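Take a look at the structure below.
All chains are named by letter (A, B, ...) in the order of the sequence lines, taking the proteins before the strands, and each is independently numbered beginning at 1. Everything numeric here is computed off the predicted structure, so don't read it as measured data.
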Protein chains: 2
Amino acid sequence: MIDVPTLVEQARQGRPRAVARLISLVENAAPELREVMAALAPYTGHAYTVGLTGSPGVGKSTSTSALVSAYRRLGKRVGVLAVDPSSPFSGGALLGDRVRMQDHATDPEVFIRSMATRGHLGGLSWAAPQALRVLDAAGCDVILVETVGVGQSEVEIAAQADTTVVLLAPGMGDGIQAAKAGILEIGDLFVVNKADRDGADATARELNHMLGLGEAREPGDWRPPIVKTVAARGEGVDEVVEALEKHRAWLDEHGGLAVRRRRRAADEIEAIALAALRARIGDLHGDRQLAALADRVAVGELDPYGAADRLVAGLTTA
Amino acid sequence: MIDVPTLVEQARQGRPRAVARLISLVENAAPELREVMAALAPYTGHAYTVGLTGSPGVGKSTSTSALVSAYRRLGKRVGVLAVDPSSPFSGGALLGDRVRMQDHATDPEVFIRSMATRGHLGGLSWAAPQALRVLDAAGCDVILVETVGVGQSEVEIAAQADTTVVLLAPGMGDGIQAAKAGILEIGDLFVVNKADRDGADATARELNHMLGLGEAREPGDWRPPIVKTVAARGEGVDEVVEALEKHRAWLDEHGGLAVRRRRRAADEIEAIALAALRARIGDLHGDRQLAALADRVAVGELDPYGAADRLVAGLTTA
């Protein structure tokens with residue numbers, strides 16, 4: 001039996017074990033989540049969330065760690081959520097490899113958590129925002145959401161942040177990869193990491209060209225800056241924080257923060273609603289309605305749309 | 001205005017342009033799909049579908065092409081569906097690069113089609129089975145479904161086939177990658193391609209070990225065979241076809257074909273039903289119900305579960 005009120009109270013006080021426990025509940029889609037989220041709701045909306053995404057090898061983990069250090073120097077409480085949708089490993093398993101992150105392992109003002117969401121009901125759209133709520137209610141000023149990989153779902157998570165950082169590195173043919181993955185459209189800020197390597201300027205130029213940053217914009221439009229860093233040595237990281245703060249100020253000024261958060265909440269509500277509806281279909285499946293329809297579709301007696309109509313009718317009158 | 005009955009009739013006669021047109025309707029989630037699928041239903045259930053998956057570089061495209069040749073020698077009409085969930089390019093774009101496939105470009109008994117499904121409503125679970133229906137109704141005896149990439153959704157598509165082939169190549173550390181991606185569980189047949197390279201035997205042995213193929217099984221259980229090929233030279237491909245036919249016979253004998261097709265139909269119906277429900281939520285979104293709920297969640301007035309409850313209530317009484 002989980003004592004939700006106590007757990008929530010402890011998480012609000014920033015007790016790491018309680019925070020970790022609540023995120024595990026999210027990860028496991030525990031039945032207590034409903035109660036947890038209701039208890040957390042009044043304490044959310046404070047944290048500034050930054051999404052970090054980019055191809056493997058650009059130095060996402062190193063950059064995240066460097067950003068944690070930079071924000072700690074500013075006295076901020078920082079949360080890190082590393083989301084790996086393809087990993088079957090959960091909890092601390094991943095972070096064991098992330099040597100850089102261990103710099104912060106003993107800092108009580110830093111919460112680091114990896115989350116595996118493969119195969120979860122409703123997927124990432126559902127789980128990541130709830131983990132953010134936990135870190136938010138735990139008093140984090142800034143939450144860095146690092147997505148491991150470059151699939152569509154990773155891009156979606158990173159895009160849901162208040163500010164989205166797209167990382168690249170020289171000489172990886174990243175530009176084209178990024179464009180293909182639809183990653184360029186979501187960047188509020190671009191970081192060319194490993195800028196001490198050959199080709200960093202070329203990468204920045206190529207990016208500048210692909211983004212059309214040279215073109216005229218409307219006054220008041222946000223112009224995504226390109227920052228060069230060597231995250232492993234901390235070079236350029238303060239400039240990234242500065243650019244993040246500028247974007248945040250711009251969002252505040254133009255009402256963009258409220259718009260993004262409203263959109264994020266809408267996506268979250270929709271994902272939970274769809275998971276609930278899917279669960280009802282699952283119940284019907286148990287009731288053999290779906291199985292009977294599938295039998296008829298499999299032999300060509302009924303088409304899948306006709307079958308879906310009957311399923312939805314059964315669902316909405318149940 | 002699309003003349004669906006004529007298009008369906010032409011597709012049934014195996015006219016390539018009509019088949020291509022119908023798959024484009026699937027790809028574009030055209031409103032006519034409902035009518036198309038109702039018209040096609042009585043002519044489906046004939047084709048044997050084979051899913052092919054594996055990491056980039058194992059030779060999926062070459063293997064697919066070699067299998068097409070092998071089935072053509074047996075006088076079969078063959079369909080190929082290459083699904084790339086991450087590609088923003090649709091239609092023929094991808095196939096332009098697939099030189100091997102051009103061996104079959106002028107064969108009227110071969111239908112080759114690539115499908116980009118990125119960003120589609122309901123995603124792959126929804127689109128791929130409907131494209132299969134089109135090829136099935138067009139009289140294909142065998143349909144090869146090749147998935148480009150190794151993400152979760154690719155694995156799901158390949159797993160939905162009557163028989164699933166997992167491709168590997170020597171010396172790519174594939175074993176571990178495959179195990180991580182959950183790819184081993186779905187293979188009914190394993191192909192170690194590029195078997196003229198060093199390490200092919202080691203890869204086959206490793207695979208044999210990971211699959212526990214040495215262990216005792218129940219009588220009647222299917223024991224996934226491992227076939228070595230050099231697809232670029234056609235070596236071993238007849239053995240693959242032979243193994244495929246054996247698996248099909250085993251499915252027939254044990255009732256597995258009906259079970260798989262029923263499951264595939266159930267997934268398809270569920271995906272269409274969820275897309276329909278999502279569209280209703282979208283309508284509500286327009287009606288500002290979701291927007292109003294999102295406003296309250298974004299400021300912490302309401303938790304996302306409470307909001308989802310109200311959304312679902314609005315949906316099912318509408």
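Your options are A258(B), A294(B), A276(B), and the one with the most heavy-atom pairs under 4.5 Å with chain A is A294(B). Of the listed residues (P304(A), G306(A), A308(A)), the one with the most heavy-atom contacts under 4.5 Å to chain B is P304(A).
Residues Y48(B) and D162(B) come closest through the heavy atom pair CA-OD2, 3.5 Å. What you find for L290(B) and E270(A) is that their closest heavy atoms are CD2-OE1, 4.1 Å. When every heavy atom of E268(A) is checked against every heavy atom of P129(A), the shortest pair comes out as CD-CB, 3.6 Å. Heavy atoms only, all atoms of each residue included: A298(A) and A265(B) are closest at N-CB, 4.1 Å. For D136(A) against A47(A), the heavy-atom pair with the smallest separation is OD1-N, 3.1 Å.
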**OP:** Report the C-alpha separation of L311(A) and I272(B) in whole Å, then their side-chain angles, then the decisive distance to 0.1 Å, and conclude whether the side-chain contact (heavy atoms from CB on, under 4.5 Å) test is met.
**Re:** CA-CA 10 Å; L311(A) 194 63; I272(B) 293 173; over 6 Å; no

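In this structure, chain A has a heavy atom under 4.5 Å from the side chain of D309(B), while its backbone stays farther away. Only the side chain of R133(A) has a heavy atom closer than 4.5 Å to any heavy atom of chain B. Looking at Q130(B), only its side chain comes within 4.5 Å of chain A, counting heavy atoms on both sides.
Within residues 34-44 of chain A, the residues having any heavy atom closer than 4.5 Å to a heavy atom of chain B are R34(A), M37(A), A38(A), A41(A), P42(A), T44(A), listed by residue number.
A307(B) meets the side-chain contact (heavy atoms from CB on, under 4.5 Å) test with I269(A), L293(B), V297(B), L302(B); sequence neighbours excluded.
Note: I186(A) CD1 to T53(A) OG1 = 5.5 Å, rounded to the nearest 0.5 Å.
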